[in-house]
Peer 1: 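Once you've had a glance at the structure underneath, I'll fire off some questions.
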Protein chains: 2
Amino acid sequence: MLHVAEAARVSVATVSAVLNGTATVSPELTQRIEQAIRDIGYKRNAIARSLKMGTTRTIGLTVPHITNPFFTDVVSVIQQAFDRAGYAVMLCCTDEDLNTQDEQIRLLLDRMVDGLIVARVGDGGILKGIVEDANVPVVLLDRLCEGVDTDAVVLDNQRAVFDAVTYLIHLGHRRIGYITGASDISPMHDRMIGYREALQAAGLPVAEELVRSGNFHEIDGYNATMQLLSLHDRPSAIFSANNPMVIGTMKAIRDIGLSCPEDISVACFDDFPWSDVFVPQLTTVAQPVQAIGEQAANLLLERLAGNRDAPPRKLILKGRLMIRNSCRPLGALAQTISA
Amino acid sequence: MLHVAEAARVSVATVSAVLNGTATVSPELTQRIEQAIRDIGYKRNAIARSLKMGTTRTIGLTVPHITNPFFTDVVSVIQQAFDRAGYAVMLCCTDEDLNTQDEQIRLLLDRMVDGLIVARVGDGGILKGIVEDANVPVVLLDRLCEGVDTDAVVLDNQRAVFDAVTYLIHLGHRRIGYITGASDISPMHDRMIGYREALQAAGLPVAEELVRSGNFHEIDGYNATMQLLSLHDRPSAIFSANNPMVIGTMKAIRDIGLSCPEDISVACFDDFPWSDVFVPQLTTVAQPVQAIGEQAANLLLERLAGNRDAPPRKLILKGRLMIRNSCRPLGALAQTISA
DNA sequence: AACGCTAATCTAAACGTTTCGAATGTGTCA
DNA sequence: TGACACATTCGAAACGTTTAGATTAGCGTT
């Protein structure tokens with residue numbers, strides 16, 4: 001900027017003025033300065049600007065795993081939204097580990113991100129303190145966090161699973177296996193409640209041996225399914241509360257020599273692009289990823305636009321049951337349908 | 001830092017010294033300063049540091065679409081690698097659009113990223129100038145760029161497709177449809193060559209009506225497949241040079257009332273997690289995503305570590321044909337096998 | 001001709017670090 | 001006792017911006 005000022009024979013203040021349009025500058029000087037900028041190929045240093053202004057026009061986004069198709073899609077939407085608004089986004093993957101998350105949030109804060117969107121892990125760690133300090137706005141994504149009162153957009157997980165399990169019950173299933181992730185994550189907790197309530201609403205018992213817990217990965221789904229399938233009175237249907245784990249479920253079914261949906265019905269959380277192309281076409285609970293991403297971005301952008309002390313808003317969106325053909329009717333119902 | 005200095009009754013220079021270990025500081029002062037840091041909850045301002053040091057410990061990463069599973073995986077690996085090295089990564093999606101890419105690269109450069117990893121789009125745009133200026137190191141990912149001589153890691157695309165198509169030919173296929181993306185992208189160009197060479201090596205003609213070009217999206221694959229399948233002498237196999245497009249291919253096959261592999265064989269580029277779970281299990285060319293991501297990260301990290309003027313290195317990795325059951329043997333071969 | 005008003009431009013401080021060189025103190029050696 | 005080396009600490013400039021306030025010039029009024 002100094003060089004531009006010299007070349008245009010003006011002060012740096014004037015250059016800054018035309019760059020930002022913050023003051024009226026005569027046409028001649030404007031012209032000279034613009035020419036000098038082109039000649040020199042000057043690019044304004046956003047770091048120096050950030051230091052002075054106290055804002056970086058950068059936000060931090062952390063998710064447990066970007067390879068989980070739900071997060072892939074949401075990250076993509078969020079990235080686009082902030083790109084349109086002229087913000088950069090720093091992406092971090094916490095690998096479902098609290099220490100990693102704390103470290104990455106610190107990294108982002110050190111770099112003075114203007115805001116944070118977090119799909120939290122564990123108990124939230126340092127998140128609570130950050131929200132309380134209220135220096136940088138935080139919006140929670142997908143997962144609420146106990147004791148952390150801030151903007152959030154989540155799914156009505158309980159209702160979504162309730163609907164899905166009720167659907168299985170309507171098909172005639174009575175023993176429905178359930179595979180979940182760690183229950184300290186709010187969606188996992190809520191989904192579990194949805195499962196139990198659906199059974200209870202139908203007057204069915206909640207058999208603890210049908211509930212298995214894993215750590216979100218394919219292998220965990222595989223192991224859980226193996227256990228369910230080796231029960232002496234094995235379930236006729238399995239609902240997997242997490243998408244990567246359902247891959248493990250399908251592999252376990254195949255490896256054990258069964259097939260879906262003939263021998264066992266399967267449904268799961270989170271839709272994915274291939275779900276209606278291959279056989280079986282998996283029945284899933286689809287989250288409105290586009291809306292989730294956009295709403296999260298909007299909540300944060302509004303805070304960034306200055307609306308700091310409005311009360312926190314929690315947006316709760318509805319899932320949608322995508323009925324395909326991985327679940328088959330059972331018993332009397334099956335008779336009527338095939339007849 | 002000023003507050004810390006005051007609280008510990010020392011100068012800011014001394015605080016900086018203990019923070020960075022750049023000078024010997026007496027045990028008492030060190031102690032006092034550390035205490036003050038804890039008391040105040042001081043966090044060093046990375047922006048100010050960056051301004052002074054001229055380095056942000058942040059890199060920029062641009063890909064066409066993060067939802068393409070190949071890029072999802074590679075981004076994930078790269079993110080992890082830089083995280084380990086204490087770098088933040090700014091992620092941008094260019095949506096396969098050159099203007100968007102230019103804009104985003106400018107955005108990243110404004111923010112003084114220390115380096116860039118780019119899966120380029122179009123003809124590279126401003127990339128060439130940036131590499132020539134040599135202020136920030138650039139490594140090309142997945143796609144080389146004409147006239148841009150810099151570090152790169154790509155696949156041996158030609159060989160990979162050659163192998164895949166040769167496999168189809170060995171199965172007895174003679175008319176093999178080929179669906180590609182825009183040919184100004186080096187991998188698409190090279191894959192096409194691999195296709196032609198495989199046919200020529202087998203003494204088969206290259207029928208232009210069997211080659212269709214799309215814009216990387218599912219819908220393009222759908223349309224291209226529809227065209228191929230409505231040919232009066234339709235192909236017995238289709239190879240899709242891009243993963244999202246193969247979804248369109250599968251949908252088109254289904255919509256037209258055919259089935260894979262009975263009526264038509266399908267193979268495609270890029271593996272995905274579900275590929276061996278559902279039916280048909282798709283035969284794919286798997287890229288070594290882990291290695292690609294790590295090598296790209298390493299190339300850049302080495303440059304960042306100071307090795308600036310070594311000649312550019314191009315790493316060419318090998319793909320792997322994952323033979324599953326979406327391609328069936330034809331003619332005489334089918335007889336022998338089923339006999 | 002002196003005055004005030006407005007518009008255009010500039011000067012200089014500030015943002016929070018790092019770092020060079022100067023200053024201070026302490027012990028060693030001739 | 002003075003000179004010197006060494007260890008420790010500090011003052012102040014610098015990084016590239018923004019911006020409040022000062023300065024200057026131009027112009028219409030009286």
Peer 1: Do B/Asp110 and A/Arg44 sit within salt-bridge range, that is, some charged N less than 4.0 Å from a carboxylate O?
Peer 2: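 A salt bridge is absent here (no side-chain N lies under 4.0 Å from a carboxylate O).
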
Peer 1: Take atom CD1 of B/Ile47 and atom P of C/dA14, then tell me their distance rounded to the nearest Å.
Peer 2: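 Taking atom P of C/dA14 as the reference, CD1 of B/Ile47 is at 21 Å.
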
Peer 1: Should the pair B/Arg308-B/Glu302 be classified as a salt bridge under the 4.0 Å nitrogen-to-oxygen rule?
Peer 2: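 Between B/Glu302 and B/Arg308 there is no salt bridge, as every charged N stays at least 4.0 Å from the carboxylate O atoms.
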
Peer 1: What is the distance, rounded to the nearest whole Å, between atom CG of A/Leu2 and atom C1' of D/dT18?
Peer 2: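 About 15 Å, once rounded to whole Å.
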
Peer 1: Nearest-Å distance, NZ (B/Lys52) to C1' (D/dA13)?
Peer 2: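 Distance check: B/Lys52 NZ to D/dA13 C1' gives 7 Å.
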
Peer 1: If you check every side-chain atom of A/Met1, which of D/dT18, C/dT19, C/dT17 has the closest atom?
Peer 2: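 Of D/dT18, C/dT19, C/dT17, D/dT18 is nearest to the side chain of A/Met1.
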
Peer 1: How long is the line joining CG of A/Asn20 and P of D/dT19, in whole Å?
Peer 2: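 So the two atoms are 7 Å apart, to the nearest Å.
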
Peer 1: Return the value, rounded to whole Å, for the distance between atom CG of A/Leu19 and atom P of D/dT19.
Peer 2: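 Going from CG in A/Leu19 over to P in D/dT19 covers 12 Å.
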
Peer 1: Scan the side chains in residues 35-43 of chain B for donor-acceptor partners under 3.5 Å anywhere in the protein, sequence neighbours excluded, and list what turns up.
Peer 2:
unit_1, atom_1, unit_2, atom_2, d
B/Gln35, OE1, B/Arg38, NH2, 3.1
B/Gln35, NE2, B/Asp39, OD1, 2.9

Peer 1: Do A/Asn215 and A/Glu96 have side-chain N/O donor and acceptor atoms under 3.5 Å apart?
Peer 2: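 No, A/Glu96 and A/Asn215 have no side-chain donor paired with an acceptor closer than 3.5 Å.
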
Peer 1: Atom CZ of B/Arg49 and atom C1' of D/dC15: how far apart are they, to the nearest Å?
Peer 2: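 Value for this atom pair: 14 Å.
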
Peer 1: Please pick, from D/dG16, C/dT17, C/dT19, the nucleotide with the shortest atom-to-atom distance to any side-chain atom of A/Asn45.
Peer 2: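 Comparing D/dG16, C/dT17, C/dT19 against the side chain of A/Asn45, the answer is D/dG16.
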
Peer 1: Validate the cation-pi geometry between B/Arg303 and B/Phe82: distance from NZ or CZ to the six-membered ring centre under 6.0 Å, angle to the ring axis within 45°.
Peer 2: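 No, B/Arg303 does not lie over the aromatic ring of B/Phe82.
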
Peer 1: Please enumerate all protein N or O atoms sitting under 3.5 Å from an N or O of nucleotides 4-10 of chain D, with distances to 0.1 Å.
Peer 2:
unit_1, atom_1, unit_2, atom_2, d
D/dT8, OP2, B/Thr24, OG1, 3.0
D/dT9, OP1, B/Ser26, OG, 2.6
D/dT9, OP2, B/Ser26, N, 2.7
D/dT9, OP2, B/Ser26, OG, 3.4
D/dC10, OP2, B/Ser11, N, 3.0
D/dC10, OP2, B/Thr14, OG1, 2.7

Peer 1: Given atom CD1 of A/Ile33 and atom P of C/dA8, what is their separation to the nearest angstrom?
Peer 2: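 Rounded to whole Å, this separation is 13 Å.
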
Peer 1: Rounding to a whole Å, what distance do you find between A/Ile37:CD1 and D/dT17:C1'?
Peer 2: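 Going from A/Ile37 (CD1) to D/dT17 (C1'), I get 14 Å.
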
Peer 1: Measure from NZ or CZ of B/Arg143 to the centre of the six-membered ring of B/Phe216 and say whether it is under 6.0 Å with the direction within 45° of the ring axis.
Peer 2: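 Yes.
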
